[in-house]
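Structure record follows, encoded as structure tokens.
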Amino acid sequence: MSASTHQSTVPFNITSFADDVAGAVGQVLDSGWVTTGPQTAAFEKDFAAYLGAAHVVAVASCTTALELCLRALDLPPGSPVLTPSLTFCGAVNAILHAGLRPVLADIDADTLVPSPATVAAAAARVRPAAMVVQNQGGYPVDVAALTEAAGLDRTKVVEDAAHGPGAARGGAPVGSSSFAACFSFYATKNMPIGEGGAIATSDDGLADRVRAMRLHGMSKDSWRRYLPGGSWRYDVRTVGLKANMTDIQAGIGRAQLTALPEWQRRRGELVARYDELLLGAPGLVLPQRELAGVQHAWHLYQVRVPDRDAIIAELEAAGVSTSVHFIPASHMTAYQEILGAEECGSVPVTDRVAEELLSLPLYPGLAPGDQDRVAAALVEALRARG
Ligand SMILES: *Cc1c(COP(=O)(O)O)cnc(C)c1O
């Protein structure tokens, strides 16, 4: 690779920040209260309004959100929990840290998520006590259909909505009427804070439980104890985690949330542009098209290509950074050791499709010229292979 042949590398992701983020942080610092407090409460209200959810509980990350919700189900230790193998390792760790046992579900090759058929097949192998479903790339899964296929009640289904902000099914935003939907505000996600997460729930009891469990299980957080008239006294009724969101994060989040609709609009434009630029490239499978009644959040633009690893290297040499979502859990050493070869060998479509997946740069700040370079480099790599 010669550096002189191209100006710079197109990064896989650039985090967008709303205009007033620095001012929002300054206000929190000036207020004298920087950890969980009034900004966190206001962010929860704002995000609940954005989703149309009854309750939002802000936490440290999506990973801790998943663990908190799974712990709040009070299942016997070692209970089986269905999860896609094609998911982020943190979501599998959350099941294990909650003392539960992952059971792998295969995917449908078009949507890249488990279908009712693959969920039913996994549930026939091992009867699940709960299930984690995931909105891969921003595709809103049909939670009700998957819940029925698993033979579960909706109060046993936790949604990994890390890719969910901006997605809707039948006009209902992901998380708007969920038993438990877990969001991520990690730096690369559609609603980036840097780090952070949230649980959206329609269930009053779950909201109360995870609200206490995010801060050690204490019945009152320190902001409320220090308010005028607040008492020093608190109880611990459930052993919780240290998984609270700070007011600094919440202040950033409130500013970011005002820009999110515009960022989502821009993602949609970029996706339409990729579709045009890439149409007809030999061997290329474009991402799942929008289905009737489905609003895709386009967190990722995931294509499928032959000879994927070599193409990634060629794109990098041409100054285009890409990524892969995800290396399946069943291919990771730790989960192979814990789950065993038979369990990890139970997802053949995942094994096949995972070797072809390629995520192209997609973010609101992606310049059209850079997007042209991404598409041209990919088309060239594919044409060279006929
Ligand atoms: C990013 C991600 C997570 C973890 O989010 P954090 O906020 O970093 O904990 C979980 N699941 C999926 C699918 C993700 O992409």
Side-chain angles (χ1 to χ4, degrees), residues 8 11-53 55-65 138 161-167 173-176 181-200 211 214-215 221-228 230 242-270 297-299 361-368 370:
S8 59
F12 176 68
N13 186 264
I14 298 173
T15 304
S16 296
F17 287 107
D19 292 339
D20 43 353
V21 160
V25 172
Q27 277 182 20
V28 176
L29 297 180
D30 290 344
S31 79
W33 188 267
V34 292
T35 189
T36 314
Q39 283 297 322
T40 303
F43 173 68
E44 289 174 341
K45 257 191 156 166
D46 291 355
F47 196 56
Y50 173 79
L51 298 175
H55 309 279
V56 164
V57 178
V59 293
S61 67
C62 181
T63 304
T64 53
H163 304 175
V174 166
S176 59
C182 302
F183 292 89
S184 174
F185 307 123
Y186 182 68
T188 59
K189 302 288 157 75
N190 285 25
M191 221 307 279
I193 289 176
E195 297 285 356
I199 297 159
R211 191 174 292 287
R214 73 174 164 184
L215 195 61
D221 61 40
S222 50
W223 176 54
R224 280 173 223 284
R225 279 184 285 125
Y226 297 150
L227 279 177
K242 169 70 177 179
N244 55 311
M245 177 181 275
T246 69
D247 266 19
I248 299 171
Q249 289 167 290
I252 296 171
R254 293 183 73 195
Q256 294 287 78
L257 204 46
T258 63
L260 182 57
E262 170 57 22
W263 291 337
Q264 287 303 112
R265 195 192 57 73
R266 184 66 192 138
R267 282 177 186 273
E269 282 178 0
L270 290 164
W298 295 118
H299 170 55
L362 178 68
Y363 40 94
L366 179 62
D370 282 351

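Just so it is clear, the structure is predicted and the values come from calculations on it, not from any experiment.
- The minimum heavy-atom distance linking A181 with A161 is given by the pair CB-CB, 4.4 Å.
- Here CE of M191 is found 13.0 Å from NE2 of H299. Values are rounded to the nearest 0.5 Å.
- Separating the CH2 atom in W263 from the CG atom in L257 is a distance of 9.0 Å, to the nearest 0.5 Å.
- For the residue pair A53 and A200, the shortest heavy atom distance occurs at CB-CB, 4.1 Å.
- Considering only residues two or more places apart in sequence or on other chains, T246 meets the side-chain hydrogen bond (donor to acceptor under 3.5 Å, both in side chains) condition with Q249.
- When every heavy atom of T36 is checked against every heavy atom of W33, the shortest pair comes out as O-NE1, 3.0 Å.
- No side-chain donor-acceptor contact under 3.5 Å links S184 to the backbone of C62.
- Scanning both residues, A198 and V59, for their nearest heavy atoms gives N-CG2, 3.8 Å.
- We find the CG-CG distance between L215 and N244 to be 5.0 Å, quoted to the nearest 0.5 Å.
- For S176, the side-chain hydrogen bond (donor to acceptor under 3.5 Å, both in side chains) criterion is met by no residue, not counting sequence neighbours.
- Atom CD in Q39 sits 7.0 Å away from atom OG in S31 (nearest 0.5 Å).
- Interatomic distance, CG of D46 versus CZ of R254, reported as 4.5 Å (0.5 Å rounding).
- By the neighbour-count criterion of 12 heavy atoms within 6.0 Å, atom CZ of R266 is densely surrounded, having more than that number from other residues, nucleotides or ligands.
- By the side-chain hydrogen bond (donor to acceptor under 3.5 Å, both in side chains) test, R265 is found to be paired with E262, E269, residues two or more places apart in sequence or in another chain being considered.
- Ring orientation note: the planes of F183 and F47 are nearly perpendicular, at an angle over 60° on the 30°/60° scale.
- Separating the OH atom in Y363 from the OG1 atom in T188 is a distance of 12.5 Å, to the nearest 0.5 Å.
- Inter-residue side-chain proximity for F185 and Q256 is flagged as unmet; no heavy-atom pair is nearer than 4.5 Å.
- Closest approach of V174 to G164, counting heavy atoms only: CB-O, 4.0 Å.
- For the salt bridge (Lys or Arg N to Asp or Glu O under 4.0 Å) condition, no pair includes a residue of residues 16-39, sequence neighbours left out.
- Considering every non-hydrogen atom in both A187 and N13, the closest pair reads O-OD1, 4.0 Å.
- Taking T64 as the reference, S61 meet the side-chain hydrogen bond (donor to acceptor under 3.5 Å, both in side chains) condition, with sequence neighbours excluded.
- Counting heavy atoms from C-beta outward, T40 and D247 have side chains that approach closer than 4.5 Å.
- Looking at heavy atoms from C-beta onward, P173 lies out of side-chain contact with Y50 at the 4.5 angstrom threshold.
- For R214, the salt bridge (charged side-chain N to carboxylate O under 4.0 Å, His left out) partners at least two apart in sequence or on another chain are E44.
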